[in-house]
Amino acid sequence: MRQTGRQSRRPERRTAPTAAELAKVHERTLADAAARELAFPEPGGTGGPGRSGGSGGSGGPSGPNGPGLLEPRPEIGDSWARLRRLGLDPDAGAAAVLLGPAELEQRRRSSGLDNVMPVLRETLLGPVGQTPLILAIADAEGHVLWQEGERGLRRSADRIGFVTGARWIEENVGTNGIAVALRAQRPMHVHSAEHYLRSHHTWTCVAAPVHDPATGRLVGAINLSGPAHNVRPYLLQLTATAARLAETELRAHRLESLNQLRTLAAPLLARVGGPALVVDAAGWTAASAGLPPPSRLRIPSEGWVPAAVHWVPGLGECVLEPLADGWLVRPVCPPGTDGSGTVSAEQAEGARLLLDLRRPDRPELSVRGAADSWSHPVSPRHAELLLLLATTREGSTAAQLAEALFGDAGRTVTVRAELSRLRRYLGGLLAHRPYRFADSVLVTVQGPEDPYDLLPSSTAPAVRRLRAELAADRVRLPGAVVPLPPPPSSPLPSPRSNGGPGDQPAASSAASWASVGPQSRSCSAETSA
């Protein structure tokens, strides 16, 4: 059948690229990056590639690779660009980092994954039969805690340093399944020449992250590796299923511990006068008396001090006492009688809110104000919402936030539900109609050194745009220190100068916030958010 002009565009490729094709992409991308660095060297370092666009310099249909040429996947291209900025040699890698026996054993126990190893062996090494594979379990920092599989293949893995105790992160061994899955926090595969190091091109690996159901914290990754010529398409689904099974096992262990704590707490609560509840170390409620039990309390990142009075979101001021592997929590005033359970508008006056995004795997929120001070980790979704609210101080509607998060303005129900959860412990710090931080709240966002490490697991359109704008130095995060211009030849004004033409507004002033949020506004001019 003859194709019409409307049908003449090349159809999207449906078959996976071969190892030979990926090798050509690898060599061409690195060669193009080297050529750009020679033509446009950046002062003060080697980090030229990837700064000119959102994908880290991997190229687009009209990019350096030319139209119609095969290109790396966005996750792989971003990883390559980051490693080029770090100066990692694709032929040598970096010096190996190995754990000692004592630290290896300690990390195995603290990860909690030692309890699920039997079921992982049965799930992953049993069904694959004669397929040569290596099962590796890594912790959240990329240390290989266990490495098991076919003996001959393990000898081959030894030659590239893929051994028990090795730290398998991008900075040391380039793009690989474990590192990419930990950064993206979703199942990923890295095949053949998608690995940054040429010595790894004969391998393929699939990996899936594992989260602690009690805290939501990333605890590690499950990885299957094998020869690139023997890849099986079902391995990614198998690994993702195994990760969910591991999380189910961790949840079962947590529920068992919670039941043991509940048995211990019941007689104690019967003797306590007044409302009280018992929670485990992660804040999950084991038992309560005299008040509706919340499913979970938010434990500060720095922990609680026994016998001290803490302000607990949802309960107000509480006296805390350690109990076995948890805490006895006694509200000073019954929550709800005086509004002490949430931050009121008066308490929000002059409050300082800090969103710490310096650690890609652990965003954290801190509040300092009249309602006491507290800090705790936040979920990736809440970190995205808080970042969008911080960079759009004039406010956003639910539709605008949905467009910024999902690229779909119709997903307002999800946005409203997440904002409702945020308001449970932020209270008067958040305003609505439109959604925004209260005008009196001083908001600061601390980001990573590399803008492309800002919430690396996020695929939200607004977050991706913000990374590119930060990398191009066109905007700054709220509260970021703005470099001062060179001193003029004339004498500087007195420190007590009031409103002179050289005075700069505070980085937290409303006029200095960057317009990088959901609204479609120009960001071409540099702003100091």
Side-chain angles (χ1 to χ4, degrees), residues 16-37 45-51 53-59 63-65 69-97 134 136 138 141-144 156-157 159-163 166-184 186-207 221 223-229 231 236 360 450 452-453 456-457 471:
T18 64
E21 290 174 321
L22 290 175
K24 292 179 180 179
V25 174
H26 183 274
E27 299 305 319
R28 185 178 65 242
T29 303
L30 295 186
D32 288 343
R36 289 197 300 274
E37 291 175 23
T46 61
R51 295 290 182 180
S55 65
S58 59
N65 288 339
L69 293 178
L70 189 64
E71 298 169 11
R73 290 180 288 143
E75 300 88 351
I76 302 301
D78 287 350
S79 175
W80 289 357
R82 179 171 178 267
L83 294 173
R84 292 198 305 272
R85 293 194 298 273
L86 293 175
L88 186 68
D89 186 347
D91 290 311
V97 178
I134 289 177
E141 296 179 355
H143 297 99
V144 180
S156 298
R159 290 193 285 270
I160 63 171
F162 189 38
V163 297
R167 193 175 187 194
W168 215 244
I169 58 175
E170 288 184 336
E171 290 84 344
N172 292 349
V173 294
T175 310
N176 65 87
I178 291 175
V180 173
L182 289 176
R183 279 178 63 83
R186 63 179 183 273
M188 298 293 296
H189 74 277
V190 178
H191 177 55
S192 186
E194 290 184 323
H195 291 88
Y196 187 75
L197 298 190
R198 293 185 176 93
S199 58
H200 298 183
H201 287 188
T202 57
W203 291 82
T204 189
C205 52
V206 296
N223 176 84
L224 286 175
S225 296
H229 63 82
V231 64
L236 185 63
D450 188 336
Y452 289 105
D453 284 338
S457 63

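All heavy atoms count here, side chains included; hydrogens, waters and symmetry mates do not. Just so you know, these numbers come straight off a predicted model, no measurement behind them.
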Can you check side chain to side chain contact (heavy atoms under 4.5 Å, CB included) on Arg186 and Glu75, steps first, answer last? CA-CA 11 Å; Arg186 63 179 183 273; Glu75 300 88 351; 3.0 Å; yes
Name of the residue among Asn223, Leu236, Val190 meeting side-chain contact (heavy atoms from CB on, under 4.5 Å) with Val206: Leu236
Give, for atom CZ of Arg85 and atom CH2 of Trp80, the distance between the pair rounded to the nearest 0.5 Å. 14.5 Å
Are His189 and Arg73 side-chain neighbours, meaning at least one heavy-atom pair lies under 4.5 Å? yes
Does the side chain of Tyr196 come within less than 4.5 Å of Arg84's, by heavy atoms? yes
Considering residues at least two apart in sequence or located in another chain, which fulfil the salt bridge (charged side-chain N to carboxylate O under 4.0 Å, His left out) criterion with Asp89? none
Where do Ala179 and Trp168 come nearest, in terms of heavy atoms and distance? CB-O, 3.9 Å
Do His195 and Thr175 meet the criterion of a side-chain donor-acceptor pair at a distance under 3.5 Å? no
Could you pull out the closest heavy-atom pair between Phe162 and Ser225, with the gap in Å? CE2-OG, 3.8 Å
Find out whether Asp91 and Leu197 are in side-chain contact, i.e. whether some heavy atom of one side chain is under 4.5 Å from a heavy atom of the other. no
For the residue pair Gly161 and Ala166, what are the closest heavy atoms and their distance? O-CB, 3.5 Å
Establish, from distance only, whether the side-chain atoms of Ser156 and Arg159 form a donor-acceptor pair under 3.5 Å. yes
Tell me the closest heavy-atom pair linking Gly177 and Ala207, and the distance in Å. O-CB, 3.4 Å
To the nearest 0.5 Å, how far apart are NE2 in His229 and OG1 in Thr204? 11.0 Å
Does the side chain of Glu141 come within less than 4.5 Å of Ile169's, by heavy atoms? no
Evaluate Val144 against Val163 for side chain to side chain contact (heavy atoms under 4.5 Å, CB included), listing each step before the verdict. CA-CA 7 Å; Val144 180; Val163 297; over 6 Å; no
Can you name the nearest heavy-atom pair linking Glu171 to Leu83, along with the distance? N-CD2, 4.3 Å
Scanning both residues in full, the closest heavy-atom pair of Ala138 with Ile178 reads CB-CG2, 3.8 Å
Please enumerate all residues that pass ring pair (Phe, Tyr, Trp, His ring centres under 6.0 Å) together with His143, with sequence neighbours excluded. none
Indicate yes or no: does Glu170 engage Arg183 in a salt bridge with an N to O separation below 4.0 Å. yes
